[in-house]
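Data block below; observations after.
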Amino acid sequence: MNNTKTDAVLIGGGHNGLVAATRMARSGMRVVVLEANEQAGGAARGYEIHPGFHLPALAHMLPAFDRRAVRELKLGRYGLKPGINEATTVSLLPDGGNLTLHPDADKTAADLRAHSAGDAEAWPAFQRQLRAQADALRPLLASEVPRLDFSDRRNLFALGRLGWSIRRRGRQQMRDLLQVVTMSVADLLEDRFETDAIMGAVALDAVLGTDHGPRSPHTVFTLLHRLAGQLAPGTRPASATGDTRRQPVEALLEAARAAGVEIRTGAAVKSIRVEAGATRGVELADGSTIDSPVVVSNADPVTTCTELVDADHLDADFRREVRAIRTKGTTGKVGFALDRLPDLPQPASGGPLRWVIAPSIGYVERAFDHVKYGEAVPEPALEITIPSLDDPDCAPSGQHVMSVNVAYAPYSESFDADEMGKTVTAMIERHAPGFAETILAREAWGPREIEARFGMRGGHWHHGDIALDQFFMVRPVPGFAQYRAPIEGLYLCGAGTHPGGGVTGTNGINAARAVLRDRRNGRRAA
Amino acid sequence: MSRYDAIIAGAGHNGLVTAAYLARAGLKVLVLERRSQIGGAAYSDEREGGYTFTSCSYVCSLFRPEIIRDLQLAKHGLQILPFEGAVNLGNNGDYLGTFSDHDRTRREIARHSPRDAEAYDIFAADILRQCRFIRPMLLESPPDPTIGRMRDIPDLARLGKRFAGMGEDAMYDTLRLWTSSVAAYLDRYFESDLLKGGLAGTAITGTALGPYSPGTAYVLLHHFMGDVDGNIGAWGYARGGMGSISSALAGAVREHGGEIRTDAEIVEFLTSGDDVTGVALASGEEIHARSVISSLDPKRTWLKLMPKDKLPQRFRQDIERYRIRGSSGKVNIALDRAPNFEAIPNDLPELNQGTITISPNMEYLERAYDDWKSGTWSRKPWLDISIPSLIDPTVAPDDGHMMTVFVQYVPPNLADGEWTPEKRDAFGETVLSNIEDHAPGFRDSIVDLEVRTPHELEQEVGLTEGNIFHGELTLDQLFFNRPVPGYAQYRGPLGGLYMCGSSTHPGGGVMGAPGYNAAQEILSDLRKKVAA
């Protein structure tokens with residue numbers, strides 16, 4: 001097959017790419033998805049760490065999927081389950097004890113009483129406040145992004161609507177939000193609590209996956225960003241390590257095929273063809289070409305604009321902006337295939353469990369103080385899940401798989417991911433004696449390994465750091481937050497666009513809408 | 001027990017500015033100062049041998065020219081001597097000079113990196129555009145977008161219009177300037193470590209943040225938005241030390257009939273119902289006034305001097321949470337000869353005359369910040385060294401020089417306990433040996449030495465936690481959030497008590513803007529009362 005013609009090419013079959021492709025196909029476009037790896041799904045797919053043992057690749061706790069995607073792609077029909085249960089978090093403490101953060105804030109408060117009466121009193125109100133603030137942010141995350149171009153009144157109205165969506169929750173709420181959103185999560189917590197263990201656990205949630213420490217300003221924003229991605233309006237916070245974990249990708253693949261999307265794997269793209277300022281299609285690594293007036297890239301913006309597009313087609317300012325996007329990944333990943341269940345505390349919860357090792361704010365901050373210089377972290381913070389507890393199909397009966405996110409791991413040449421694997425093993429052994437002997441297989445990835453495996457620049461899960469100066473109207477590049485690249489017919493749909501990463505499919509749906517809107521307005525006739 | 005129109009608590013520069021404007025408007029004004037000298041952190045300390053230490057504050061740029069004109073401070077002895085150059089020293093004997101002449105600076109940058117020289121033009125233009133946007137906001141009360149008060153709506157509309165008028169690209173630049181770390185912001189433009197280290201240093205003074213911390217970029221504006229005699233971005237020394245600003249202000253206060261009393265410590269604000277009616281002094285004396293204006297930081301104002309039961313609960317909690325964090329140290333030195341900074345070429349003497357910083361690169365600063373976080377003073381601190389006597393003959397005898405050193409980062413308390421005289425001396429030792437590394441022989445020329453840790457700055461000068469700004473300059477404590485949300489327009493929850501210090505908009509640094517803005521609000525309230 002040397003040359004094909006189609007209506008749209010999707011570079012990369014990650015979850016956002018699949019969402020965008022399916023949405024466009026359901027509107028009647030012929031769409032071809034080109035995935036470089038042997039399997040589509042990107043970082044949201046599973047992999048077999050050991051014969052018979054399956055692990056999620058990166059994201060091991062999933063937020064609620066974008067409701068528009070679920071509705072418009074009819075994902076429920078293909079197996080995506082809507083309701084997901086909130087996880088219970090067990091914070092493992094250095095003295096061997098633990099503190100449980102239950103989905104029910106009052107239950108957590110009861111446990112906290114043993115540590116601090118004041119903290120027990122403050123916790124439920126704090127949780128309510130956080131959720132209310134995440135609720136207030138959600139319209140911002142879900143919506144498309146206006147430009148600061150007021151010659152188009154729609155931008156002004158869109159900004160006004162967003163401002164009103166926050167203001168209408170009440171003056172005090174707005175005032176509180178405007179004040180705390182730029183604070184550090186450490187300050188937010190230390191103003192209210194004294195128990196190190198509870199503060200460490202919340203602090204980890206704020207910084208995991210970002211290039212920040214808990215004392216960095218704006219980490220209340222990153223915390224709310226994470227919480228808002230996890231909440232459907234009005235329902236309880238939820239995350240899934242249950243059987244919906246592998247579902248989004250599987251459901252998406254089925255929905256895509258049913259809509260007529262052609263998915264080619266092992267099909268790496270070499271370049272995006274551009275003529276006279278507009279896309280013509282792509283050239284693949286194997287030399288074949290595809291003609292298409294629309295090209296949507298699920299790859300990160302830096303890869304897309306500096307590797308797949310020839311420099312001549314982008315002006316110098318834009319190129320400079322793209323190169324300045326901070327994509328340095330800071331999260332490591334360790335996966336295990338285990339002969340039996342580790343001896344970790346398992347509170348009866350009815351929902352998924354995760355364990356964290358983040359005994360204090362200072363502990364997490366000290367870990368960050370290493371990674372910011374590109375150094376390995378001797379005592380990292382960990383987020384641990386055992387996917388096989390919720391999904392027995394992950395491993396043979398009685399055996400298990402474990403997935404660990406590591407805060408932090410540096411993106412540097414000298415970093416030894418295996419050493420990190422050993423460190424993590426020793427840390428878990430301290431809390432679950434006998435753990436090391438049960439290991440049948442272990443895989444450890446630092447940001448460099450993640451970059452190589454998934455093609456994401458810097459090994460950064462969000463394709464670009466989540467930070468206030470790389471968010472909303474300036475993500476990925478100022479003036480280009482609307483999923484369109486400066487080349488006609490070229491779009492971006494991956495985590496490097498608004499609202500960032502997290503397996504929600506929001507980027508994909510918004511990008512598809514931009515493509516379809518442009519088609520309707522005659523910007524790019526097929 | 002005479003009745004005044006206004007009592008100002010604290011004779012720091014902002015208190016004096018407020019007092020002068022109120023007196024000029026015809027009010028009967030009394031300034032009460034706890035210490036024996038006025039000026040707060042802007043005072044000149046006369047020492048033995050003809051040396052004058054510019055005790056805390058040491059350089060001038062941000063002081064509002066409007067105030068200098070309105071109060072005719074030149075007539076009262078204020079003279080700012082601009083410096084022609086400044087320099088940043090690296091680790092390996094290298095230096096990067098900046099000059100009051102933009103082209104000279106550009107050529108000097110080109111010596112390090114031709115690419116950076118090109119970028120410097122763009123950087124300077126971008127920063128200047130941001131300064132122009134900010135400057136009108138300095139002498140205005142901050143409008144509050146969360147209240148929806150009638151008075152705020154036209155102000156917000158005007159602000160929005162000015163913002164939009166910058167053009168789309170500049171608006172995004174503004175958003176990023178206000179949210180980026182100074183490291184990320186500078187990395188966009190420059191590659192040279194010395195250039196970035198030099199600029200980043202100005203962004204972390206008085207903060208509890210490192211250059212990699214988000215929210216440090218806009219502090220660069222402080223460095224560029226002042227002026228001396230209309231020369232934007234220029235810095236200078238107040239002739240006679242920074243105390244001459246305070247004494248000029250005191251002259252203006254007295255010229256308009258205001259009174260200033262020192263050794264008069266206020267121990268409580270007097271109230272009647274929900275109104276403040278005066279002050280009670282340590283001596284037992286009570287003085288009444290229609291308005292009381294506090295230039296002290298909000299914790300002292302509201303938690304120390306206000307009766308407990310008078311404050312709304314939410315307000316009290318917000319004040320308790322207000323962060324006065326980001327402590328600094330100061331070392332003042334009398335020398336019997338000029339130091340010889342080896343890296344500075346002999347044919348560029350002007351580079352000695354402005355600030356000499358030791359800030360080799362941004363990682364150096366971040367590691368110094370890490371030291372502070374772990375509860376110790378930085379062993380390789382950021383040093384901002386000035387030798388004002390090189391251009392101001394009044395602060396040292398003919399055969400000597402006065403050196404003043406500002407140090408970041410120094411914690412208010414140490415991990416192993418409180419500051420003691422021994423630890424203070426050890427800290428001083430760190431500073432001196434770091435300077436000696438760059439200016440061999442300097443230590444032998446020391447004839448008088450004063451080392452001030454945050455402990456001294458708090459105890460003696462009244463700077464809580466040794467923070468020079470009366471509160472961190474981060475977005476959650478700026479503009480309509482300063483000092484706390486809902487009370488950012490110089491008034492508190494009680495009638496008759498106003499705030500005018502650095503803990504109000506637009507923040508710290510020797511600007512005088514908070515004092516000016518507070519005075520305008522007070523006069524406006526009085527006019528309304530008269531009209532009613």
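Here is how names work: the chains are called A, B, and so on, in the same order as the sequence lines, proteins then strands, and each is numbered from 1. Everything numeric here is computed off the predicted structure, so don't read it as measured data.
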Enclosure of [X] [atom1] (heavy-atom neighbours >12, cutoff 6.0 Å):
| X | atom1 | value |
| --- | --- | --- |
| A:Glu121 | CD | no |
| A:Arg154 | CZ | no |
| A:Glu379 | CD | no |

Using a cut-off of under 4.5 Å for heavy-atom pairs, which of [options] has the most such pairs with chain B?
| options | value |
| --- | --- |
| A:Thr182, A:Val474, A:Asp187, A:Leu178 | A:Asp187 |
| A:Ser216, A:Gly479, A:Ala324 | A:Gly479 |
| A:Ile166, A:Asp191, A:Val180, A:Val220 | A:Asp191 |

[atom1] of [X] to [atom2] of [Y]: how many Å apart, nearest 0.5 Å?
| X | Y | atom1 | atom2 | result |
| --- | --- | --- | --- | --- |
| B:Asp187 | A:Arg326 | CG | CZ | 9.0 Å |
| A:His218 | B:Ser213 | NE2 | OG | 9.5 Å |
| B:Arg314 | A:Arg175 | CZ | CZ | 8.5 Å |
| A:Asp176 | B:Asp318 | CG | CG | 8.0 Å |
| A:Leu468 | B:Thr179 | CG | OG1 | 6.0 Å |

Which residues share a side-chain hydrogen bond (donor to acceptor under 3.5 Å, both in side chains) with B:Gln408, sequence neighbours left out: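 Result, side-chain hydrogen bond (donor to acceptor under 3.5 Å, both in side chains) vs B:Gln408: B:Ser328.
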A:Tyr373 side chain vs B:Arg367 backbone, donor-acceptor pair below 3.5 Å: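 Checking the backbone N and O of B:Arg367 against the side chain of A:Tyr373, a donor-acceptor pair under 3.5 Å is found.
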Residue part contacting chain B, namely of A:Asp211, when any heavy atom lies under 4.5 Å: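 No part of A:Asp211 comes within 4.5 Å of chain B.
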Side chain / backbone / both / neither for A:Gln172 at chain B, heavy atoms under 4.5 Å: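 The answer is the side chain of A:Gln172.
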Of all of [options], which one pairs up most often with chain A through heavy atoms under 4.5 Å apart?
| options | value |
| --- | --- |
| B:Phe480, B:Trp178, B:Phe163, B:Tyr212 | B:Tyr212 |
| B:Glu363, B:Lys373, B:Arg188 | B:Lys373 |
| B:Arg325, B:Gln477, B:Gln317, B:Glu320 | B:Arg325 |

Does any backbone or side-chain atom of [X] lie under 4.5 Å from a heavy atom of chain A? Answer side chain, backbone, both or neither.
| X | value |
| --- | --- |
| B:Thr474 | neither |
| B:Arg482 | neither |
| B:Leu209 | side chain |
| B:Asn481 | side chain |

Close approach to chain A in residues 168-177 of chain B, criterion heavy atom under 4.5 Å: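 At a heavy-atom separation under 4.5 Å, chain A is reached by B:Glu168, B:Met171, B:Tyr172, B:Leu175, B:Arg176.
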Within residues 360-372 of chain A, residues adjacent to chain B where the heavy-atom gap is under 4.5 Å: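 Interface residues of residues 360-372 of chain A: A:Glu365, A:Asp369, A:Lys372.
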Contacts of residues 144-153 of chain A with chain B (heavy atom under 4.5 Å):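 When heavy atoms of chain B are the reference, residues 144-153 of chain A contributes A:Arg147, A:Leu148, A:Asp149, A:Phe150 within the under-4.5 Å range.
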Non-hydrogen side-chain atoms of B:Arg321 and A:Gln179 separated by less than 4.5 Å: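 Answer no - side chains too far apart.
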